[in-house]
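This is a predicted model, so every value here is computed, not measured. Residue numbers begin at 1 in each chain, while the letters A, B, ... track the order of the sequences.
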2 protein chains.
Amino acid sequence: MTRVLVIDDEPSILRALRINLTARNYEVTTAIDGTSGLAAVARDRPDVLILDMGLPDMDGTDVIHGVRGWTSTPIIVLSVWGAESQKVAALDAGADDYVTKPFGMDELLARLRAAVRRASPAPDEPVVTTPDFTIDLAAKRVTRRGADVRLTPTEWQLLELLARAAGRLVTQRQLLQEVWGPQYESESNYLRVYIAQLRRKLEPEPSRPRYLLTEPGMGYRFQA
Amino acid sequence: MTRVLVIDDEPSILRALRINLTARNYEVTTAIDGTSGLAAVARDRPDVLILDMGLPDMDGTDVIHGVRGWTSTPIIVLSVWGAESQKVAALDAGADDYVTKPFGMDELLARLRAAVRRASPAPDEPVVTTPDFTIDLAAKRVTRRGADVRLTPTEWQLLELLARAAGRLVTQRQLLQEVWGPQYESESNYLRVYIAQLRRKLEPEPSRPRYLLTEPGMGYRFQA
DNA sequence: CCTGGGCGTTAGGGATCCGTCAAGATCGCC
DNA sequence: GGCGATCTTGACGGATCCCTAACGCCCAGG
């Protein structure tokens, strides 16, 4: 569950945010001034921070600096309309986004989702996961129950082709051409041997394949 | 220099942005509709994208989806005031920020800086540590049990490549090209010799490698 | 009941790849 | 020019992998 810390001194805003965020399954904690807010960031380690610039005890940019000193937790700033120079100061201090009051709750929630999405580790590398094993295509690595599975180059090529086409059928001809070359188009023997080896290394029950499925007469399909 | 692509069909906006961004030392390219915009993203690989939602040929969210399909380049959306549901749709489609027209140029520039700052990869942890030795990539230094390990230039290049790709497999071709040059692509001899030297200097049991692993037929992998 | 095709499984020979060693060749420094 | 460090190159045993053939199973059709 995503944890949100709201730092604001207006009870009505706190209440509205708490209700709306809780209803959408966020975990909400609050603070009513900069000092206790900074302490709450350190204590609760929220996933995202919503910060009102008009706090009674500190300047908003100082709060941002205080947070940015040691963590890159996303910060969404709230402020009254009009203070453009304050917007610039907040963003340059390290805030991630800036919403002017009065704001639409839907917009705030969308910006919240965007901030959390950006902060979460980018799924840059294509990783295929199943309940029984994991295929990291970028690292060329297969893990099963925490241990690396050793694949030969040919086995890996075959698995990679099938995994990149997860869910779709790949014909024998396609597989043979990609892995062995055009002149091996009809050596379906090879496929049977190597599919069997992959099943032995990956399937929980190699004789009853759950992931590397045979489509008789057609080809094979990787089911994630 | 940061490269910005502006996709907008209003000449006045394009002009204003071009002038302001160029003056602040951004490199600006422009497109006037979604189709050419998507092509420009693929061709120019901008560091950040400014996108008007009201394009003549495509819906703005479709442009966002088209970009997000293959890259995480930051997207700042421009739109006329008021369409709150469009804001939500754009942000959920993968936009990073949303600015309503008319906008203050200072604010846009600040949001641009914030987007670029977030996107720039955090400075790589320049130190790789294992239970048996430590690699300081910045200082070009390897320490083992408190003492410096002396590496030749070639050994260091090889180790650095593998360490920067920690966990990922690096093919022999990649290693040979990076260390010896493109014409040595097939001299896998060299690799065998130098990997053996690194193992002798770093591995606790050079004959049973724990960190510099061989993936037969494919390449090598540094396991931290 | 027989037959043939598609598939899964196994095993071994031969080819390829890898680790190791050592002897030149080359470079840089004094 | 001498000398040590470093880089290239070749060769060899052993490990690994690929190809191939053979066999059994299942099922559909004759």
Exercise. Using atom CD of Gln157(B) as one end and atom P of dT6(D) as the other, report the distance to the nearest whole Å.
Key: 14 Å
Quiz item: Is the distance from OP1 or OP2 of dG8(C) to the nearest side-chain N or O of Arg199(A) less than 4.0 Å?
Solution: yes
Self-check item: Minimum-distance nucleotide (side-chain atoms of Thr152(A) versus dC18(D), dA11(D), dT10(C))
Solution: dC18(D)
Self-check item: Protein-nucleotide distance (Arg221(A), atom CZ; dC7(C), atom C1'), rounded to Å
Solution: 17 Å
Exercise. Look at Tyr220(A) and dG8(C) and indicate whether a side-chain polar atom (N or O) is within less than 4.0 Å of OP1 or OP2.
Key: yes
Self-check item: Minimum side-chain heavy-atom gap Tyr211(A)-Leu202(A) below 4.5 Å
Solution: no
Self-check item: Any Trp180(B) side-chain N or O less than 4.0 Å from OP1/OP2 of dC7(D)
Solution: no
Quiz item: Is the phosphate of dC7(D), meaning OP1 or OP2, less than 4.0 Å from a side-chain N or O of Tyr190(B)?
Solution: no
Quiz item: Roughly how many Å is it from CG in Leu176(B) to C1' in dC17(C), rounded to a whole number?
Solution: 14 Å
Quiz item: Is the shortest side-chain N to carboxylate O distance from Arg113(A) to Asp92(B) below 4.0 Å?
Solution: yes
Exercise. Give the rounded distance in Å between these two atoms: OH of Tyr194(A) and P of dC7(C).
Key: 18 Å
Practice problem: Find the distance Leu212(B):CG to dC18(C):P and express it as a whole number of Å. | Solution: 15 Å
Quiz item: With nearest nucleotides of DNA chain D determined for Leu151(B) and Val193(B) from heavy-atom distances, which residue corresponds to the more 5′ nucleotide?
Solution: Leu151(B)
Exercise. Rounded to the nearest angstrom, tell me the gap between atom CD in Glu203(B) and atom C1' in dG19(C).
Key: 13 Å
Practice problem: Check every strand shown and say whether Thr214(A) touches a base, only sugar-phosphate, or nothing at a heavy-atom separation below 4.0 Å. | Solution: sugar-phosphate
Quiz item: Atom CD of Glu187(B) and atom P of dC7(D): how far apart are they, to the nearest Å?
Solution: 16 Å
Quiz item: If you pin Leu191(A) and Pro206(B) to their nearest nucleotides in DNA chain C, which one's is more 5'?
Solution: Leu191(A)
Quiz item: Between dA21(D), dA11(D), dC18(D), which nucleotide gets closest to the side-chain atoms of Asn189(B)?
Solution: dA11(D)
Quiz item: NZ of Lys201(B) versus P of dT20(C): gap in Å, rounded?
Solution: 15 Å
Self-check item: Short N-O contact, Glu203(A) and Arg208(A), less than 4.0 angstrom
Solution: no
Practice problem: Identify whether the distance between the nearest side-chain nitrogen and carboxylate oxygen of Asp96(A) and Arg118(B) falls below 4.0 Å. | Solution: yes
Quiz item: Mapping Gln197(A) and Pro216(A) onto DNA chain C by nearest heavy atom, which one lands closer to the 5' end?
Solution: Pro216(A)
Quiz item: Is there a side-chain polar atom (N or O) of Arg150(B) under 4.0 Å from OP1 or OP2 of dT6(D)?
Solution: yes
Practice problem: Give a yes/no on whether any side-chain N or O of Thr154(B) is located under 4.0 angstrom from OP1 or OP2 of dT6(D). | Solution: no
Self-check item: Selection residues 137-178 of chain A - residue pairs positive for ring-ring contact (aromatic ring centres under 6.0 Å, His included), sequence neighbours left out
Solution: none
Practice problem: Taking only the side-chain heavy atoms of Arg192(B) (C-beta and beyond), determine which of dC18(C), dT8(D), dC19(D) contains the nearest atom. | Solution: dC18(C)
Exercise. List the steps, then state whether salt bridge (Lys or Arg N to Asp or Glu O under 4.0 Å) holds for Asp97(B) with Arg111(B).
Key: CA-CA 8 Å; Asp97(B) 206 340; Arg111(B) 289 188 185 272; 3.0 Å; yes
Quiz item: Gln172(A) has a side chain; which of dG19(C), dT9(C), dC7(C) sits nearest to it?
Solution: dC7(C)
